[in-house]
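Only heavy atoms go into these numbers, but all of them, side chains included; no hydrogens, no water, no symmetry mates. Just so it is clear, the model here is predicted, and its values are computed rather than measured.
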Amino acid sequence: MLDLPGYPVLDKLALIGGCVRLPLRIDGERLRAEVDQLPESFWGSTGGRVGVHMAAEAVFLRGYAPAEGPKPIEDRPALDLLPYARHIMEQIIPAQPLRCLLARLPGGAVIAPHIDRAPYFAKSLRLHFPVQTHERVWMLAAGQCYVMRPGEVWVLNNKSVHA
């Protein structure tokens with residue numbers, strides 16, 4: 001099962017509750033413009049994600065989907081086409097990046113409530129950077145609903161029920 005040996009288990013409920021917006025801002029328009037330029041050939045699959053994530057297309061920028069097994073955490077080809085995304089990962093966020101992906105959820109689609117159970121998820125924080133959204137899109141985490149906007153940076157408690 002996917003793990004991070006030597007990393008401590010985090011008490012995410014105490015640290016962040018369901019979700020918390022970080023006091024960081026990114027250039028949401030710049031990130032969206034960059035993502036919009038990503039060739040369509042990178043899209044069209046779940047990127048190896050399974051189960052409730054089947055509703056969303058995914059492009060991994062770093063690492064692989066947990067369902068693909070113990071693969072290296074390494075940069076993927078799409079990241080070379082996204083210099084601002086790389087800047088966010090390497091310069092703005094004050095922590096070593098592990099896995100990073102772009103997810104594209106079609107209008108009206110839903111990611112069902114679930115908990116990420118692999119030990120990896122208990123030892124890492126999941127950051128969320130909305131790229132494109134609108135007022136009727138929300139994230140459920142630990143029984144609370146969160147509205148996220150481009151330019152914001154959020155930490156999600158993926159060890160609680162989220163959708």
*Asks:* Is L31 reachable from L61 through a run of I, L, V, M, F, W or Y residues, each pair having side-chain heavy atoms under 4.5 Å apart?
*Replies:*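 As far as the 4.5 Å side-chain criterion goes, L31 and L61 are connected within one cluster.
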
*Asks:* What distance do D3 atom CG and F121 atom CZ have between them, rounded to the nearest 0.5 Å?
*Replies:* 11.5 Å

*Asks:* Which heavy atom in A112 sits nearest to a heavy atom in V52, and how many Å separate them?
*Replies:* CB-CG1, 3.9 Å

*Asks:* Hey, does C100 have a side-chain heavy atom less than 4.5 Å from the side chain of L79?
*Replies:* no

*Asks:* Which heavy atom of V50 sits nearest to which heavy atom of A67, and what is that distance?
*Replies:* CG2-CB, 3.9 Å

*Asks:* Give the minimum heavy-atom separation between R76 and Y64, together with the two atoms involved.
*Replies:* NH1-CD2, 3.1 Å

*Asks:* Tell me the salt bridge (Lys or Arg N to Asp or Glu O under 4.0 Å) pairs involving residues 41-59, sequence neighbours left out?
*Replies:* E57-R104

*Asks:* Could you state the interatomic distance from CZ (F42) to CG (L81), rounded to the nearest 0.5 Å?
*Replies:* 5.0 Å

*Asks:* Considering all heavy atoms of both residues, which atom of L2 and which atom of P66 are nearest to each other, and what is their separation?
*Replies:*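 Minimum heavy-atom separation between L2 and P66: CD2-CB, 3.3 Å.
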
*Asks:* List the residues meeting ring pair (Phe, Tyr, Trp, His ring centres under 6.0 Å) with H53, not counting sequence neighbours, and say none if there are none.
*Replies:*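 Partners of H53 by the ring pair (Phe, Tyr, Trp, His ring centres under 6.0 Å) criterion, ordered by chain and then number, come out as H114.
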
*Asks:* Could you pull out all donor-acceptor pairs under 3.5 Å where a side-chain atom in residues 130-146 meets a protein atom, sequence neighbours excluded?
*Replies:*
{"residue": "Q132", "atom": "OE1", "partner": "R32", "partner atom": "NH2", "Å": "3.4"}
{"residue": "H134", "atom": "ND1", "partner": "R136", "partner atom": "N", "Å": "3.1"}
{"residue": "Y146", "atom": "OH", "partner": "C19", "partner atom": "N", "Å": "3.3"}

*Asks:* So, R99 side chain and I73 main chain: donor-acceptor pair closer than 3.5 Å or not?
*Replies:*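 Pair absent, no side-chain N/O of R99 close to backbone of I73.
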
*Asks:* Please report the shortest heavy-atom distance between I26 and V153, naming the atom on each side.
*Replies:* CG2-CG2, 4.0 Å

*Asks:* For the NE2 atom of H162 and the CZ atom of R126, what is their distance to the nearest 0.5 Å?
*Replies:* 5.0 Å

*Asks:* Are W154 and F129 joined in one hydrophobic group, where the rule is that I, L, V, M, F, W and Y side chains link up if heavy atoms are under 4.5 Å apart?
*Replies:*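 No, because W154 and F129 fall into different hydrophobic clusters, even though each may have its own neighbours under 4.5 Å.
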
*Asks:* Applying a strict under-4.5 Å side-chain criterion to I, L, V, M, F, W and Y, I'd like to know whether I115 and L15 cluster together.
*Replies:*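 They do not share one cluster, since no chain of ILVMFWY contacts under 4.5 Å joins I115 to L15.
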
*Asks:* Assigning hydrophobic clusters by single linkage (Ile, Leu, Val, Met, Phe, Trp, Tyr; side-chain heavy-atom cutoff under 4.5 Å), is L156 placed with I111?
*Replies:* no

*Asks:* Checking R62 side chain against P97 main chain: does a donor-acceptor pair fall under 3.5 Å?
*Replies:* yes

*Asks:* For atom CD of E74, is the number of surrounding heavy atoms from other residues, nucleotides or ligands below 6.0 Å larger than 12?
*Replies:* yes

*Asks:* Donor-acceptor pairs under 3.5 Å, side chain of residues 86-94 to any protein atom, not counting sequence neighbours: which ones?
*Replies:*
{"residue": "R86", "atom": "NH1", "partner": "D75", "partner atom": "OD2", "Å": "3.0"}
{"residue": "R86", "atom": "NH1", "partner": "E90", "partner atom": "OE2", "Å": "3.1"}
{"residue": "R86", "atom": "NH2", "partner": "D80", "partner atom": "OD1", "Å": "3.1"}

*Asks:* Test: salt bridge (Lys or Arg N to Asp or Glu O under 4.0 Å). Region: residues 150-163. Which pairs qualify, not counting sequence neighbours?
*Replies:*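 Sorted result for residues 150-163: R21-E152.
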
*Asks:* Measure the spacing between CD of E34 and OH of Y84 and express it to the nearest 0.5 Å.
*Replies:*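 If I round to the nearest 0.5 Å, the distance is 9.0 Å.
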
*Asks:* Hey, quick one: are L127 and V35 part of the same hydrophobic cluster, counting side-chain heavy atoms closer than 4.5 Å, chains of contacts allowed?
*Replies:* yes

*Asks:* Output all residues satisfying side-chain contact (heavy atoms from CB on, under 4.5 Å) with P23, sequence neighbours left out; order by chain, then residue number.
*Replies:*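 side-chain contact (heavy atoms from CB on, under 4.5 Å) check on P23 returns nothing, list empty.
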
